[in-house]
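Letters A, B, ... are given to chains in the order of the sequence lines, protein chains preceding strands, and every chain is numbered from 1. Remember, predicted model here, so these are calculated numbers, not experimental data.
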2 protein chains.
Amino acid sequence: MPTPLYQLKAEFFKSLGHPVRVRVLELLSVREHAVGEMLTQVGVEPANLSQQLAVLRRAGLVSSRRDGAVVHYRLTSEQVAELLAVARNILTTVLAGNVELLEDLRADDPGT
Amino acid sequence: MPTPLYQLKAEFFKSLGHPVRVRVLELLSVREHAVGEMLTQVGVEPANLSQQLAVLRRAGLVSSRRDGAVVHYRLTSEQVAELLAVARNILTTVLAGNVELLEDLRADDPGT
DNA sequence: ATGCAATTATGAAACTCTGCAATGAACAAC
DNA sequence: GTTGTTCATTGCAGAGTTTCATAATTGCAT
């Protein structure tokens with residue numbers, strides 16, 4: 001298997017590796033959103049949000065459409081919502097594992 | 001929704017955002033692998049591979065087990081394989097979109 | 001023209017990556 | 001038991017990226 005393919009896949013995941021970008025994708029998983037709408041939900045500077053949106057656009061994950069003064073964003077594929085769902089499941093599993101660890105730690109009295 | 005949750009999700013995706021780490025996860029999607037095995041498949045310095053494995057371990061995506069001199073790695077959850085599959089699908093969609101763009105470009109003769 | 005929405009430009013701080021050197025862990029040979 | 005070897009991990013430092021704020025710019029409507 002060619003190396004550049006792994007590079008491509010890695011770039012793909014990198015584009016998801018930012019809290020604002022994750023938040024945006026979750027908003028867009030529900031429905032199309034205007035930039036202004038997202039601004040109030042996400043709570044970052046407009047310029048910052050634009051930069052993160054640009055990353056998602058370059059990755060091909062979202063597309064934008066201008067309607068008068070406002071710009072609307074949407075997912076390019078519903079599969080992105082599915083990806084986020086699977087990721088959430090894994091995170092749940094992993095964190096559940098950590099909770100067990102914490103309980104083990106609590107039960108592990110060093111004094112006895 | 002609390003901000004640290006998005007931070008957590010972002011960290012999760014970040015841990016997938018490196019070609020070596022993607023490659024490792026794909027190998028482990030098939031079956032458990034020893035570090036030495038992966039070394040020959042991935043083609044990076046041992047120290048480098050160890051670092052990438054450490055990232056995956058800290059993220060809770062893989063677990064390791066020592067068997068004599070060699071260390072074996074496995075996925076902590078089969079769901080990781082599913083995640084990679086969904087990602088591959090999205091990437092296919094996105095790249096197909098790009099191919100169309102390229103064809104459009106080719107058909108777009110600026111001379112006429 | 002003026003104002004509002006969104007994007008782009010730029011630069012400083014923070015973080016990631018990777019090779020090299022050093023360290024640790026298991027095991028065989030002596 | 002300790003010496004030598006192999007397998008794997010950790011520490012460190014430089015080079016390279018990413019992030020985010022401020023400032024400047026573009027696009028559209030009034």
So, with a heavy-atom separation below 4.0 Å from DNA chain C, the residues of residues 37-50 of chain B are B:Glu45, B:Ala47, B:Asn48
Is there a residue in residues 61-71 of chain A whose heavy atoms reach under 4.0 Å of DNA chain C, and which residues are they?
-> A:Ala69, A:Val70, A:Val71
Donor-acceptor check, side chain of [X] to backbone of [Y], threshold 3.5 angstrom: yes or no?
X       : Y       : answer
A:Arg21 : A:Lys14 : yes
A:Arg23 : A:Gln41 : yes
A:Thr76 : A:Leu61 : yes
B:His18 : B:Leu16 : no

Search all heavy atoms of [X] against all heavy atoms of [Y] and return the closest pair with its distance.
X       : Y       : value
B:Ser15 : B:Leu56 : O-CD2, 3.7 Å
B:Ala10 : A:Pro19 : CB-N, 3.3 Å
B:Leu27 : B:His33 : O-CE1, 3.1 Å
A:Glu32 : A:Tyr73 : CG-O, 3.1 Å

Spacing of [X] atom [atom1] relative to [N] atom [atom2], expressed in whole Å:
X       : N      : atom1 : atom2 : answer
A:Gln52 : C:dA6  : CD    : C1'   : 15 Å
A:Gln7  : C:dT16 : CD    : C1'   : 14 Å
B:His72 : C:dA26 : NE2   : P     : 14 Å
A:His18 : C:dA14 : NE2   : C1'   : 12 Å

Between A:Lys14 and B:Gly36, name the one whose nearest nucleotide on DNA chain D is closer to the 5' end.
-> B:Gly36
Note: chain B reaches DNA chain D at heavy-atom distances under 4.0 Å over the stretch, first to last nt, 5' to 3', of D:dC7 to D:dC12
Taking the side chain as every heavy atom from C-beta outward, state whether A:Val70 and A:Val35 have any pair of such atoms under 4.5 Å apart.
-> no
Among B:Gln52, B:Glu45, B:Gln51, which one satisfies side chain to side chain donor-acceptor pair (under 3.5 Å) with B:Asn48?
-> B:Gln52
Neighbour count above 12 (heavy atom, 6.0 Å) for A:Arg65 CZ | yes
